[in-house]
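First up is the structure itself, then whatever we jot down about it.
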Amino acid sequence: MPKYIYFHCLLFISLFFMSQNIWAKTIEFHLILENHVFIPSELKIPAYKKVKLIIHNKDNTAEEFDSFDLNREKVLFPNKKTTIFIGPLSSGQYEYFGEYNPGSARGVIIAEVINVN
Amino acid sequence: MCSRVLFIILMIVSTNVLADGIVVDKVYHPYVLPNEREFEWRLMSRQTDDNSLIGQRIAYGQSISETVMVEGYLIGEKTETDDFGLQAYEVEVRWMMTEQGELWADWGMLFEVEKKHNANDWEVTTGIIFEKEFGKASLTMNLFGIYEWGENLQEEFETEFRLKYRYRWLPQIQPAIEIYTGEGYFGIGPAFMGIQRFDGQKQLKWEAGFISELSNSGKDHSLRVAFEYEF
């Protein structure tokens, strides 16, 4: 078997183990989807940190969270909580919407540098 | 961050490759959505100084769970000696191994079984899909092992490596650079992908790339185009 095969395998194995470096304390934020509206519609999160966004879909129908800005697409099953990992994001505004109800199910994530003092 | 990406790319590019067939196809992403259904069409055209080859694929795919997508293909080819016609059938399973964004990088696996039309020739492919986000850019890499055997094929094991570095500029236009290696082939070239959303889950995705083979002095260009309609 040619040497480069071993090299590529080694590279992927190395990257896999790098991936296991799980972010120990990911900060959690919560959103609610009710009557096809995300609450709150504006959510502030810390910039440059990975965030765990938990969305509780209280509607009886599924929705699909979609955001080109955040590079995320996720099905929100009815009456269930769904987790979406986002970031680390640079400071700025990141829009998202629900694919089934884009007129009402819209919101924005605001990533900002938070001064702990 | 950029230096890490550059390091990874250089490490891959600097390795020697042994190549011998059509490698330019598609760089797979690891993500699967539940309730996803799609029709797909792919075109690959390769031109060298003394040969031209055209391949097309049509497919229907459907996710069967939150993390597994199954797709069936009909593969047609026009070769130096044969007119365009059905060449093979393929079943593909893509498995999203990790939740997007949870780990340092996202991982998936691909399994494919292909049978030649009217011949007892088989090809099995399996491999790893990797994607890492760097702000508005994404690095996607595929490493596949391919085993072929049959009455008209010499039994052999090959590997293929594919890489895409994409900038998410606009939903409709996301420029990229793609690299393909395997079977004695080393190709690199510009590409782009885009997406247009319609009502609900309906959306049209497109990809195109123009890949030039670098290890030969003669002409060897590949054009690839793909459309996916998700609903």
Side-chain angles (χ1 to χ4, degrees), chain A residues 1-23 26 47-48 50-53 61-77 80 82-92 94-95 97-103 105 111, chain B residues 1 4 8 11-12 14-18 31-36 63 66 97-107 127-139 141-145 157-161 166 168-172 174 181-182 195 197-203 230:
Chain A
M1 195 179 287
K3 258 192 293 187
Y4 73 91
I5 297 173
Y6 294 117
F7 181 83
H8 282 158
C9 291
L10 192 63
L11 175 73
F12 271 74
I13 290 166
S14 307
L15 289 170
F16 183 77
F17 281 105
M18 283 168 75
S19 298
Q20 303 312 303
N21 187 13
I22 298 171
W23 309 72
T26 307
Y48 308 107
K50 187 179 285 275
V51 161
K52 188 177 182 180
L53 186 61
T61 54
E63 183 56 273
E64 192 165 315
F65 180 96
D66 196 326
S67 172
F68 180 74
D69 293 348
L70 294 165
N71 192 30
R72 293 291 182 273
E73 203 175 352
K74 185 93 179 174
V75 174
L76 309 174
F77 290 104
K80 285 197 171 171
T82 303
T83 298
I84 301 175
F85 292 91
I86 55 176
L89 300 172
S90 54
S91 300
Y94 300 83
E95 293 185 357
F97 66 97
E99 283 188 357
Y100 295 122
N101 299 279
Chain B
M1 200 66 83
R4 190 183 290 174
I8 292 169
M11 292 270 278
I12 292 152
S14 62
T15 58
N16 293 322
V17 290
L18 306 167
Y31 311 115
V32 171
L33 276 177
N35 309 326
E36 189 178 352
S63 56
E66 289 188 41
M97 294 165 66
T98 59
E99 187 66 39
Q100 187 177 9
E102 183 174 9
L103 306 180
W104 180 79
D106 306 320
W107 293 86
I128 295 283
I129 305 169
F130 165 97
E131 184 154 327
K132 170 67 183 164
E133 212 177 297
F134 302 96
K136 291 197 81 173
S138 300
L139 174 69
M141 297 192 290
N142 301 165
L143 178 63
F144 298 142
F157 178 77
E158 300 159 350
T159 60
E160 287 185 7
F161 175 79
R166 169 174 60 114
R168 296 191 313 279
W169 181 41
L170 296 169
Q172 291 81 10
Q174 301 173 44
T181 72
I195 184 168
R197 299 186 193 288
F198 304 107
D199 291 340
Q201 270 191 313
K202 296 188 184 82
Q203 55 189 26
E230 294 180 9

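To find a chain, count down the sequence lines: A is the first, B the second, and so on, and within it residues start at 1. Please read all numbers here as calculations on a predicted model, not as lab measurements.
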> Given the rule in the side chain to side chain contact (heavy atoms under 4.5 Å, CB included) test, do A/Glu64 and B/Asn35 qualify, once you have shown the distances and angles that lead to the verdict?
Replying inline: CA-CA 11 Å; A/Glu64 192 165 315; B/Asn35 309 326; over 6 Å; no
>> Assess the residue pair A/Glu73 and B/Glu36 against the criterion (side chain to side chain contact (heavy atoms under 4.5 Å, CB included)); give the C-alpha distance rounded to whole Å, side-chain angles, the decisive distance to 0.1 Å, and a yes or no.
In response: CA-CA 12 Å; A/Glu73 203 175 352; B/Glu36 189 178 352; over 6 Å; no
> Which bit of A/Tyr48 is near chain B, if near means a heavy-atom gap under 4.5 Å: side chain, backbone, both or neither?
Replying inline: neither
>> Can you confirm whether more than 12 heavy atoms, excluding those of A/Glu95, are under 6.0 Å from its CD atom?
In response: no
>> What part of B/Gln201 gets within 4.5 angstrom of chain A, counting heavy atoms only: side chain, backbone, both, or neither?
In response: both
> OG1/A/Thr26 to CD/B/Glu102 distance, rounded to the nearest 0.5 angstrom?
Replying inline: 8.0 Å
>> Salt bridge or not between B/Glu133 and A/Arg72? Use side-chain N to carboxylate O under 4.0 Å.
In response: yes
>> Run B/Asp106 and A/Phe85 through side chain to side chain contact (heavy atoms under 4.5 Å, CB included) and show every step you take.
In response: CA-CA 11 Å; B/Asp106 306 320; A/Phe85 292 91; over 6 Å; no
> Atom CD of B/Glu99 and atom NZ of A/Lys74: how far apart are they, to the nearest 0.5 Å?
Replying inline: 3.0 Å
> Given a strict heavy-atom distance threshold of 4.5 Å, which part of B/Leu170 is in contact with chain A: side chain, backbone, both, or neither?
Replying inline: backbone
>> Please identify, among A/Asp66, A/Leu89, A/Asp69, the residue contributing the most non-hydrogen atom pairs under 4.5 Å to chain B.
In response: A/Asp66
>> For a quick test of reading the model, state the closest non-hydrogen atom pair linking B/Trp169 to A/Phe68 and the distance between them.
In response: O-CE2, 4.1 Å
>> I'd like to check B/Arg168 versus A/Asn71 (side-chain heavy atoms, cut-off strictly below 4.5 Å). Are they in contact?
In response: yes
>> Less than 4.5 Å to any heavy atom of chain A: does that hold for the side chain of B/Ile128, its backbone, both, or neither?
In response: both
>> Need one label for A/Leu70: side chain, backbone, both or neither, based on atoms under 4.5 Å from any heavy atom in chain B.
In response: backbone
>> Counting only heavy atoms from other residues, nucleotides and ligands, does the tally under 6.0 Å from NZ of B/Lys202 exceed 12?
In response: no
